[in-house]
There are 2 protein chains.
Amino acid sequence: MAGIREIAERAGTSIATVSRVVNGSGYVSPAMRAKIETVIAELQFRPNAGAALMRRGKSRMVGVLLPALDVKFFGILAHVIEQGLFARGYHAFICCSSESPEHEAEYVAAMLAQRVDGVIIASVSAESTAAARLVAAGVPLVAVDREIAGAVSVRADHYAGGRLMADYLLGLGHRRIAVVGAPQHAMPVQQRLAGVSDRLAEAGLEPVAVRLGPRHQFEACIEVAAALLDTGVVADAMVGLTDIAALGAIHALHAKGIRVPEDVSVIGFDDMPMARYVLPQLTTVAQPIREIGALAVEQMIRLMTGAALSHEELPALSVVVRGTTARR
Amino acid sequence: MAGIREIAERAGTSIATVSRVVNGSGYVSPAMRAKIETVIAELQFRPNAGAALMRRGKSRMVGVLLPALDVKFFGILAHVIEQGLFARGYHAFICCSSESPEHEAEYVAAMLAQRVDGVIIASVSAESTAAARLVAAGVPLVAVDREIAGAVSVRADHYAGGRLMADYLLGLGHRRIAVVGAPQHAMPVQQRLAGVSDRLAEAGLEPVAVRLGPRHQFEACIEVAAALLDTGVVADAMVGLTDIAALGAIHALHAKGIRVPEDVSVIGFDDMPMARYVLPQLTTVAQPIREIGALAVEQMIRLMTGAALSHEELPALSVVVRGTTARR
DNA sequence: TTGTAAGCGTTATCAA
DNA sequence: TTGATAACGCTTACAA
């Protein structure tokens, strides 16, 4: 496999000049550049990232650690982050831990070995040591959608979002409000729940029922909502702490012959594409996920370049009114 | 930053032995191993992947090139492939081209520079040169969901799937069948369409209307279906060449006050989670996406290890009957 | 504008 | 079971 040395020989120049051409650094005369580029193409030269990394000590790569890729939220996040990083001249090293600590540990080791310039980490399980190891290694760290000790954090104000959901339902005249959600251990979910409860308390109310499931999966969410309904509680509105949970509630309601929104209003959270798939379309609180991803990249760049962190506020959450809510 | 040399010094041994411990290769006495591991932990030693790559010439990494990560199909695929690769001792280098040739070219270069042991490439735009460059570089290549010259291909039989859709509708007594889909340039979509048309032809029929949109996005799909409906064609069943397209058809139908499945039956293709979100839930042809991902990994392993390729048949496609189809 | 030369941190071969 | 040593291919001062 042709190396820089062979290129230099054939082009009648030195390896230093070839390196300059390959990296676009330093001065090279147009004639020389053209000649070298020709030889590079001829010999199908492919630079060796290992050698470059060894010399440079850094890789212009940013690790992106996510718990899953088959979950829409993370898929979108990965996409936005990749775009942002690319635009700034960095490559994304996307890793998904698949909820497995073993995977996670191995990918963290791989990132460290790869000498990534930083890591953007999205809501990994609480008992994971990934963040700690990264911090210990002195790698710039940006947490997305959760807080991590020693790391900059970028996330929506889930508590405010919870208040918003309750507020909107209250404004519609609903008083008997039930809440369903999952996964129960997720911090954002708990914060939204707290927001809902607090806002209701201010109105002298409390949820008529709360039910959180362990798994954030459609079928499981339907079951959680069905179980709640089976207790016989009477609600005139239901809060889904995520869009999936709201969709689960709608299906559970439907199975019982209860109409949405005529009998019961339903509101979700996230505004993922799925919110628009149901009929009627789901009213939900939109989470500015793309802005979150973009801001995470921006903070990472600042961290890596030593610039001051921005204290920019996240775009506000907002209720997207669609068809599953109605005045009481 | 501590290197293997320093570790050796502090442990009172040679770098060769340290290397053996780090890589778990060769013989090292338990006592020596313990001592070295202690020092490694103390100094927070992190191996340098660049140096290792330079020496070894390969990275035990497999590139995974996808057009997007925020599309459910690819998210699931990436997830399955990552899992399979991990289980075989390889790391996945997941790259998404974001539909941009520029991104794609750069990631291909990065993969080449990284000396990946192989690349699994999923349906990238036809005019991309990615596959060609990879083939030229002699990198083992497995194409998923599309065919690429010079590469092993793993994909569902979309043509058969198309026939299956038509077949099922025909069996229900439908005769006036319209077809909508997107993106029109995608080979799988065209193959499904061919399957539908051929099966109808065997029954002496042809689609009452066909409409393909350029973008596979929910809103765009609704518009495509609405435009088809606006022409005034009378159909008693609609085929969505993807689940999204089918969902778009349902929404367009709904907007016109046409009931599903009472007035018009709708069938989709893929069986993504979204098929279950709508009410009634979508009847669709299930694509064995997880098996496809797993098989792609298996073929890649065989390619890399020089084993014979398997000629295993893909699990058959099947109609998942849910609520959007009814007897005429 | 181009060339010289000194490593970078490993792995693997061979010898002990 | 361990050690010495020679690459691996590149970047980057510094010199010319």
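Values reported hereafter were calculated over all heavy atoms of this structure, with side chains retained and with hydrogens, waters and symmetry mates removed. Lettering of chains follows the sequences in order, A, B, ..., and the numbering in each one begins at 1.
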With the sugar-phosphate defined as primed atoms, P, OP1 and OP2, and the base as all remaining atoms, what B/S/- string results for nucleotides 10-16 of chain C, 5' to 3', for protein heavy atoms under 4.0 Å? BBB----

Distance, rounded to the nearest Å, where B:Y27 contributes OH and D:dG3 contributes P: 17 Å

May I ask you to evaluate whether B:S14 reaches the phosphate of D:dA4, defined as a side-chain N or O under 4.0 Å from OP1 or OP2? no

Nearest whole Å is fine: how far is D:dT11 P from A:R60 CZ? 14 Å

Worked verdict on B:E82 versus A:Y107 for side-chain hydrogen bond (donor to acceptor under 3.5 Å, both in side chains): CA-CA 11 Å; B:E82 188 278 331; A:Y107 279 124; 2.6 Å; yes

Are more than 12 heavy atoms from other residues, nucleotides or ligands located less than 6.0 Å from atom CZ of A:R10? no

With under 30° as parallel and over 60° as perpendicular, where do the rings of A:H91 and A:F86 fit, or are they tilted in between? parallel

Check A:E147 with A:R155, please: is the shortest side-chain N to carboxylate O separation under 4.0 Å? yes

To the nearest Å, how far apart are A:L53 CG and D:dT12 P? 12 Å

B:L134 vs B:L112, test: side-chain contact (heavy atoms from CB on, under 4.5 Å). Steps then yes/no. CA-CA 8 Å; B:L134 259 2; B:L112 254 18; 3.7 Å; yes

Quickly work out the B:Q114 CD to D:dC10 P distance and round it to whole Å. 14 Å

A:R5 with A:E9: basic N within carboxylate O range, under 4.0 Å: no

